[in-house]
Chemist: 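Mind looking over this structure? Questions follow.
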Amino acid sequence: MKEIAGNLDATGMKMAIVVSRFNSFFTEQLVKGAADCFVRHGGKDGDLTLVRVPGANEIPQVAQKLAASGKVDAVVALGAVIQGATPHADLINGTVARALSKIALDTQVPVLNGIVCAQNLEQAIERAGTKQGNKGWDAVMSAIETVAVLKAI
Ligand code: INI
């Protein structure tokens, strides 16, 4: 049996991060985790591009432009959507997740969803560098592996 799997070596990779300013208390922690993961796996800080947008809703359009630009091997979306009194957060989460998946399929450039979807502040804290780790780190790790596996096929 021939098996194909991606390694976790980011040497020579170019990556873009799109991060929302909304809930920046959390999203800045995700950026730190994401950049740390990229560099610790052999990526160069200069090969990482950070793009800021107002909120999670604005991430897909910018991710699409980056993915279609031919300048990056992967795009990582970072945000924090926290449930409030209205169903607004659910709408954002579903719409953005579907859009990011479509961009990846349309462009063949991996687009990783590192958006924290939390019921409350405590859950968001847990995913931004405490009990549940850092979702920015996790998204970059998955991006590195996906780039590598696509290259290997
Ligand atoms: N944007 C977020 O990134 N997180 C949220 O929790 C959030 N909530 O809950 O409203 C949010 N709203 C703003 C939205 O992403 C857009 O920026 C806005 O609707 C303008 O298009």
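Along the sequence shown, residues carry numbers from 1.
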Chemist: Take Val140 and Leu112 through the side chain to side chain contact (heavy atoms under 4.5 Å, CB included) test and state the conclusion after the steps.
Modeler: CA-CA 8 Å; Val140 167; Leu112 281 290; over 6 Å; no
Chemist: By the rule that ILVMFWY residues connect when side-chain heavy atoms come within less than 4.5 angstrom, directly or transitively, which residues belong alongside Met1?
Modeler: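 Result for Met1 is none, singleton.
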Chemist: Under the 3.5 angstrom rule, does the side chain of Asn23 hit a backbone N or O of Gly79 as a donor-acceptor pair?
Modeler: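 A pair under 3.5 Å: no.
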Chemist: Is Ile144 reachable from Val31 through a run of hydrophobic residues whose side-chain heavy atoms are each under 4.5 Å from the next?
Modeler: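 They do share one cluster, since a chain of ILVMFWY contacts under 4.5 Å joins Val31 to Ile144.
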Chemist: Using every non-hydrogen atom in the two residues, find where Leu100 and Ala63 come nearest and quote the distance to one decimal.
Modeler: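 Between these two residues, the closest heavy atoms are CD2-CB, 4.1 Å.
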Chemist: So, the side chain of Asp73 versus the backbone of Lys14: is there a donor-acceptor pair under 3.5 Å, distance only?
Modeler: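 Pair found, side chain donor or acceptor close to backbone of Lys14.
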Chemist: Are Val18 and Val147 linked, directly or through intermediate hydrophobic residues, by side-chain heavy-atom contacts shorter than 4.5 Å (ILVMFWY only)?
Modeler: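 They do not share one cluster, since no chain of ILVMFWY contacts under 4.5 Å joins Val147 to Val18.
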Chemist: Whether the side chain of Gln61 engages the backbone of Glu58 through a donor-acceptor N/O pair (distance < 3.5 Å, no angle test) should be reported.
Modeler: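 Side chain of Gln61 to backbone of Glu58: no pair is present.
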Chemist: If you look at every heavy atom in Gly55 and Ser20, which pair is closest and at what distance?
Modeler: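 Taking Gly55 first and Ser20 second, the nearest heavy atoms are C-CB, 3.5 Å.
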Chemist: So if you build clusters from Ile, Leu, Val, Met, Phe, Trp, Tyr with side-chain heavy-atom gaps below 4.5 Å, do Leu78 and Trp137 land together?
Modeler: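 Each belongs to a different hydrophobic cluster.
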Chemist: With rounding to the nearest 0.5 angstrom, report the CD1 to CG distance, Ile115 to Leu30.
Modeler: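 These two atoms lie 10.0 Å from each other.
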Chemist: Could you tell me which residues satisfy side-chain contact (heavy atoms from CB on, under 4.5 Å) with Thr130, sequence neighbours excluded, listed by chain and number?
Modeler: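 Result, side-chain contact (heavy atoms from CB on, under 4.5 Å) vs Thr130: Ile125, Glu126.
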Chemist: Which atom pair, heavy atoms only, marks the closest approach of Arg127 to Gln123?
Modeler: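 Heavy atoms only, the tightest pair is NH1-O, 2.9 Å.
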Chemist: Could you tell me which non-hydrogen atom of Thr107 sits nearest to which non-hydrogen atom of Ala67, and how far apart they are?
Modeler: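 Nearest pair, atom of Thr107 first, then Ala67: OG1-CB, 3.7 Å.
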Chemist: CG/Asp90 to NE2/His88 distance, rounded to the nearest 0.5 angstrom?
Modeler: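 The distance works out to 11.0 Å.
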Chemist: NZ of Lys135 to SG of Cys117: how many Å apart, nearest 0.5 Å?
Modeler: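 With rounding to 0.5 Å, NZ (Lys135) is 5.5 Å from SG (Cys117).
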Chemist: Linking I/L/V/M/F/W/Y whenever any side-chain heavy atoms sit under 4.5 Å apart, do Leu8 and Leu150 land together?
Modeler: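 Per the 4.5 Å side-chain linkage, Leu8 and Leu150 are not co-clustered.
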Chemist: Within this structure, what is the CG-CE distance for the pair Leu50 and Met15, rounded to the nearest 0.5 Å?
Modeler: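 Answer rounded to 0.5 Å: 13.5 Å.
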Chemist: Do Val75 and Ile17 sit in one hydrophobic cluster, given that two such residues count as connected whenever their side-chain heavy atoms are within less than 4.5 Å of each other, even indirectly?
Modeler: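 Not linked; separate clusters.
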Chemist: Where do Ala118 and Ala124 come nearest, in terms of heavy atoms and distance?
Modeler: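 Here Ala118 and Ala124 meet closest at CB-N, 3.6 Å.
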Chemist: Working to the nearest 0.5 Å, report the span between NZ of Lys71 and CG of Leu66.
Modeler: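 Answer for the NZ-CG pair, Lys71 versus Leu66, is 9.0 Å.
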Chemist: Just how far is it from atom CD1 of Ile92 to atom CZ of Phe22, taken to the nearest 0.5 Å?
Modeler: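 Atom-to-atom, Ile92:CD1 and Phe22:CZ are 7.0 Å apart.
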Chemist: Provide the closest heavy-atom pair for Ala56 versus Val96 in the form atom of the first, atom of the second, distance.
Modeler: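 Reported closest heavy-atom pair: O-CG2, 3.5 Å.
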Chemist: Check for a donor-acceptor pair, side chain of Thr27 on one end and backbone N or O of Val19 on the other, with a separation under 3.5 Å.
Modeler: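 Not at all, since once roles are kept as given, no pair shorter than 3.5 Å links the two residues.
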Chemist: Would one find more than 12 heavy atoms of other residues, nucleotides or ligands at under 6.0 Å from atom CG of Asp45?
Modeler: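 For Asp45, atom CG is not crowded (no more than 12 foreign heavy atoms under 6.0 Å).
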